[in-house]
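Here's the structure we're looking at; comments come further down.
Only heavy atoms go into these numbers, but all of them, side chains included; no hydrogens, no water, no symmetry mates.
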Amino acid sequence: MSAPVLAPLFALRPGCRLVLASASPRRRQFLEEWGLSFTLARPLGAEPRPWPGEPPEAYTQRAATAKASDVAAGLAAAERACSLVLAADTVVALGDEILGKPRDRAHALEMLRRLNGREHAVVSAVCLAPPRGAARVFSDVSRVRFGRWPEAVLRAYVRTGEPDDKAGAYAIQGQGAFLAERVEGSWSTVVGLPLAPLARELLAAGWMTPVGDAGL
């Protein structure tokens with residue numbers, strides 16, 4: 001059975017062009033579910049690396065800002081004049097240690113062993129770069145506790161290939177959902193886009209509005 005077609009929830013301000021600076025399918029899906037139209041523009045520059053001792057929240061905000069700046073700089077002048085660039089970055093952190101994406105499957109298994117049976121933080125930051133004026137940068141933190149899983153289960157998950165390009169070597173929205181025993185905070189933050197603070201910011205700044213209720 002196909003999913004029902006839902007009416008749009010939000011609409012962009014007239015004259016606003018939203019540019020999503022991300023290759024993440026899930027971030028695209030979140031915006032599509034809101035009913036927002038947008039253009040994709042993947043950042044071309046190298047993703048910044050964490051500085052020694054840099055806190056996870058500071059790093060994600062810096063990385064999101066770098067992605068937004070990269071994409072904004074690549075837009076033609078006429079496009080930039082009406083574009084709101086949205087970029088995001090997500091990391092998994094054990095204490096103050098940032099776990100990036102695994103180098104290979106052996107590294108993915110090592111990460112999962114470290115997370116197994118423990119609680120960790122997932123930090124997602126957003127940068128909204130308007131056509132004029134300062135960018136707005138914010139972040140959200142959720143805490144995830146993994147169940148204690150046998151080694152054979154972790155190895156089977158690594159073999160699926162899903163952890164290959166995921167921060168912390170797992171995807172809570174995919175096959176790896178079973179790993180998480182408990183989530184404290186926003187599920188969307190763990191997936192990669194903190195929807196509640198993003199919606200508040202876009203609404204407060206007038207970049208989007210709720211679709212009218214004339215049909216109720």
Side-chain angles (χ1 to χ4, degrees), residues 16-31 34 36 38-75 80 83-102 111 115 119-144 165-173 183-208:
C16 172
R17 178 176 180 266
L18 180 62
V19 178
L20 176 61
S22 175
S24 164
R26 192 56 183 145
R27 288 177 183 141
R28 295 200 301 267
Q29 186 179 351
F30 280 141
L31 297 183
W34 278 358
L36 298 180
F38 58 91
T39 301
L40 288 175
R42 184 172 183 170
L44 299 178
E47 191 166 321
R49 305 296 302 165
W51 293 326
E54 185 175 20
E57 266 193 280
Y59 168 69
T60 54
Q61 292 191 13
R62 182 167 64 86
T65 300
K67 293 176 184 179
S69 298
D70 183 322
V71 167
L75 296 177
R80 186 69 187 105
S83 293
L84 174 67
V85 180
L86 188 166
D89 190 76
T90 300
V91 300
V92 168
L94 271 174
D96 287 333
E97 182 184 357
I98 295 172
L99 302 185
K101 297 177 181 179
M111 285 187 180
L115 297 174
E119 184 177 275
H120 61 271
V122 180
V123 185
S124 284
V126 171
C127 177
L128 293 171
R132 292 167 297 280
R136 176 77 176 100
V137 187
F138 53 91
S139 56
D140 189 57
V141 183
S142 292
R143 303 208 58 90
V144 179
D165 63 345
K166 303 296 189 299
Y170 76 97
I172 200 170
Q173 72 276 23
V183 176
E184 296 179 7
S186 168
W187 179 81
S188 70
T189 291
V190 182
V191 175
L193 191 64
L195 292 180
L198 175 60
R200 289 192 194 99
E201 185 66 30
L202 292 173
L203 290 167
W207 287 108
M208 75 176 187

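- Among all heavy-atom pairs drawn from Ala88 and Gly192, the shortest one is CB-O, 4.0 Å.
- The OG1 atom of Thr90 lies 12.5 Å from the CZ atom of Arg26; values are rounded to the nearest 0.5 Å.
- Environment of CZ in Arg42: sparse, with no more than 12 heavy atoms of neighbouring residues, nucleotides or ligands closer than 6.0 Å.
- Ser69 contributes no side-chain N or O that, together with a main-chain N or O of Ala66, makes up a donor-acceptor pair within less than 3.5 Å.
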Worked check of side chain to side chain contact (heavy atoms under 4.5 Å, CB included) between Phe38 and Arg17: CA-CA 7 Å; Phe38 58 91; Arg17 178 176 180 266; over 6 Å; no

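- Taking each heavy atom of Leu193 and Val126 in turn, the nearest pair found is CD1-CG2, 3.9 Å.
- The two residues Pro48 and Tyr59 make their nearest non-hydrogen contact at O-OH, 2.6 Å.
- Side-chain N or O atoms of Asp70 include one that pairs as donor or acceptor with a backbone N or O of Gly45 at under 3.5 Å.
- Under a 3.5 Å cut-off, the side chain of Arg62 and the backbone N or O of Thr65 do not form any donor-acceptor pair.
- In this structure, Arg136 is not positioned above the aromatic face of Trp207 in the sense of NZ or CZ being under 6.0 Å from the six-membered ring centre and within 45° of the axis.
- In terms of heavy-atom proximity, Ile98 sits nearest to Glu54 at CD1-O, 4.1 Å.
- With a 6.0 Å radius and a threshold of 12 heavy atoms from other residues, nucleotides or ligands, Asp165 has its CG atom above the threshold.
- Across every non-hydrogen atom of Leu75 and Val19, the tightest pair is CD1-CG2, 4.4 Å.
- Under a 3.5 Å cut-off, the side chain of Arg28 and the backbone N or O of Ala23 do form a donor-acceptor pair.
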Lys166/Val92 under side chain to side chain contact (heavy atoms under 4.5 Å, CB included): CA gap, chis, key distance, verdict: CA-CA 10 Å; Lys166 303 296 189 299; Val92 168; over 6 Å; no

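- Atom CZ of Arg49 has 12 or fewer heavy atoms from other residues, nucleotides or ligands within 6.0 Å.
- Residues Ser186 and Ser188 bring a donor and an acceptor atom of their side chains to less than 3.5 Å of each other.
- Summarising the geometry of Ala129 relative to Ala68, their closest heavy-atom pair is CB-CB, 4.3 Å, with the distance given to 0.1 Å.
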Stepwise side chain to side chain contact (heavy atoms under 4.5 Å, CB included) check, Leu198 with Leu128: CA-CA 9 Å; Leu198 175 60; Leu128 293 171; 4.2 Å; yes

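- Using modelled atom types, one finds a donor on one side chain and an acceptor on the other under 3.5 Å when comparing Asp140 with Thr189.
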